[in-house]
**Student:** 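Pasting a structure below so you can have a look.
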Amino acid sequence: MKLRYFAWVRERVGKTEEEIDPPEGITTVAELMSWLTARGEEYAHAFENPKVVRAAIDQDHVRTDAAIAGAREIAFFPPMTGG
Amino acid sequence: MKLRYFAWVRERVGKTEEEIDPPEGITTVAELMSWLTARGEEYAHAFENPKVVRAAIDQDHVRTDAAIAGAREIAFFPPMTGG
Amino acid sequence: MSAVIRLQNEPFDAAREQAALTCGRDDIGAVVTFVGICRGSEAGLRIVAMTLEHYPGMAETELARHVESAQQRWRLAGVTVVHRVGRILPGEPIVLVVTAAAHRQGAFAAAEFLMDYLKTRAPFWKRIEYADSTAWVAPRESDALSADRWSGPADMREAAE
Amino acid sequence: MSAVIRLQNEPFDAAREQAALTCGRDDIGAVVTFVGICRGSEAGLRIVAMTLEHYPGMAETELARHVESAQQRWRLAGVTVVHRVGRILPGEPIVLVVTAAAHRQGAFAAAEFLMDYLKTRAPFWKRIEYADSTAWVAPRESDALSADRWSGPADMREAAE
């Protein structure tokens, strides 16, 4: 699946997107965030306060308990500040 | 004192303004409306439903129990429909 | 704070009024513009024209008082109110309210407050010319309800500021 | 019903967008225009520029869904939303929302609803460049409160319609 990062999550991770293949046991957005955190300092920095990071699956806002099965694209970003 | 009429009150009375000198016993806007009503058909028509006629004394909205003593200008008009 | 209040016979240019309000300012983050337009029909009847009558003197004084009150209540950077009087054709603008503030909540609230005032308490009266008749516009119940919002305790929008 | 939704790098002309929305219509009695502008300072610090980042695809789709929802909820005659992305200088416009309806209550409510959505849920992020630093804008508590209005039971403004 494709991961996309925006705003300061993107800056901290250091990339705009990437393809990943998480292990079988990772079934929710929250678990995916924990798994990413363990991948390196840049991820640990991006997800150091997971409560403030928002997620979207296939371009729909989701809560972090949402299942990731079947997702083509998961995005992580800070609270929105448009308008 | 000067009386001014607007919108359909003006149309019914048939004039935009006039000078009047009501008798001593007329002390409130409501009494003035009753007194005017007795002056002729055109006034009776304008004030036939006194509850819907609004009044201003010296260009301030007032209720019909307001005292008219000292008023230079009293206006009568229907509910406002600006904007 | 800048405040412009005008009653005039001629149509107005909303864009020019708005530009004049914000020109040279860098403290304005939100501008709300309301334009009221003469519609082409009312309850299925075609409107030929609308005539706006007002109480000269009282209209200007009262409007200035309400603009001043809106400025203080919502700390506005600027307000412009233009109200036409006389004969107005369908499609033409009737009234303009522009409010400018640092943030949008105050600008929206002030514009609604001023429009509610103009609709219910400002001394203006509309007469509509139809093809075969004329009629004075009756006040709308919804305008009275809308205006009642501002006399109660501070509402949600102020709390949100 | 007409709906125009655009994301663009260039500044927009609010007057032209508004004219396009009302041109040739005689069923519109009220037009509300909101323009959000990049201010020149924030908490006393001078702003050099602001950069708007967005989630391409999701931003357009979500915005269209909210515009559709506003149209149905308030029976709008037309809506235009233009949101800039990329680098924006102080004094330049950031976002435009224009709503047109027969009466003002729906036009005001829809414009506020869309702005509350854009501020709190639309996938856009603002980064501010100061003279010596940059900072991502933090969400404002007042925006969240403001947005909460629309998810509760029908509010006063709808009752007033």
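Residue numbers begin at 1 in each chain, while the letters A, B, ... track the order of the sequences.
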**Student:** Go through C:Gly29, C:Gly40, C:Pro90, C:Ala100 and name the one with the most non-hydrogen pairs under 4.5 angstrom from chain D.
**Tutor:** C:Gly29
**Student:** Would you say D:Asp132 has more than 12 foreign heavy atoms packed within less than 6.0 Å of its CG?
**Tutor:**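 Count not over threshold, so no.
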**Student:** Show your working on side-chain hydrogen bond (donor to acceptor under 3.5 Å, both in side chains) between D:Thr120 and D:Asp143 and close with a plain yes or no.
**Tutor:** CA-CA 6 Å; D:Thr120 57; D:Asp143 288 330; over 6 Å; no
**Student:** Which bit of D:Ala111 comes within less than 4.5 Å of chain C, counting heavy atoms only: side chain, backbone, both or neither?
**Tutor:**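 Contact with chain C: backbone and side chain both.
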**Student:** By a 4.5 Å heavy-atom criterion (distance strictly below it), what part of C:Ala144 contacts chain D: side chain, backbone, both, or neither?
**Tutor:**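 Contact with chain D involves no heavy atom of C:Ala144 at all.
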**Student:** Considering only heavy atoms, which portion of C:Asp13 lies under 4.5 Å from any heavy atom of chain D: side chain, backbone, both, or neither?
**Tutor:** neither
**Student:** Have a look at D:Glu112 and tell me which of D:Tyr117, D:Phe34, D:Trp150 forms a side chain to side chain contact (heavy atoms under 4.5 Å, CB included) with it.
**Tutor:** D:Trp150
**Student:** What's the spacing between D:Leu76 CG and D:Leu114 CG if we round to 0.5 Å?
**Tutor:** 8.0 Å
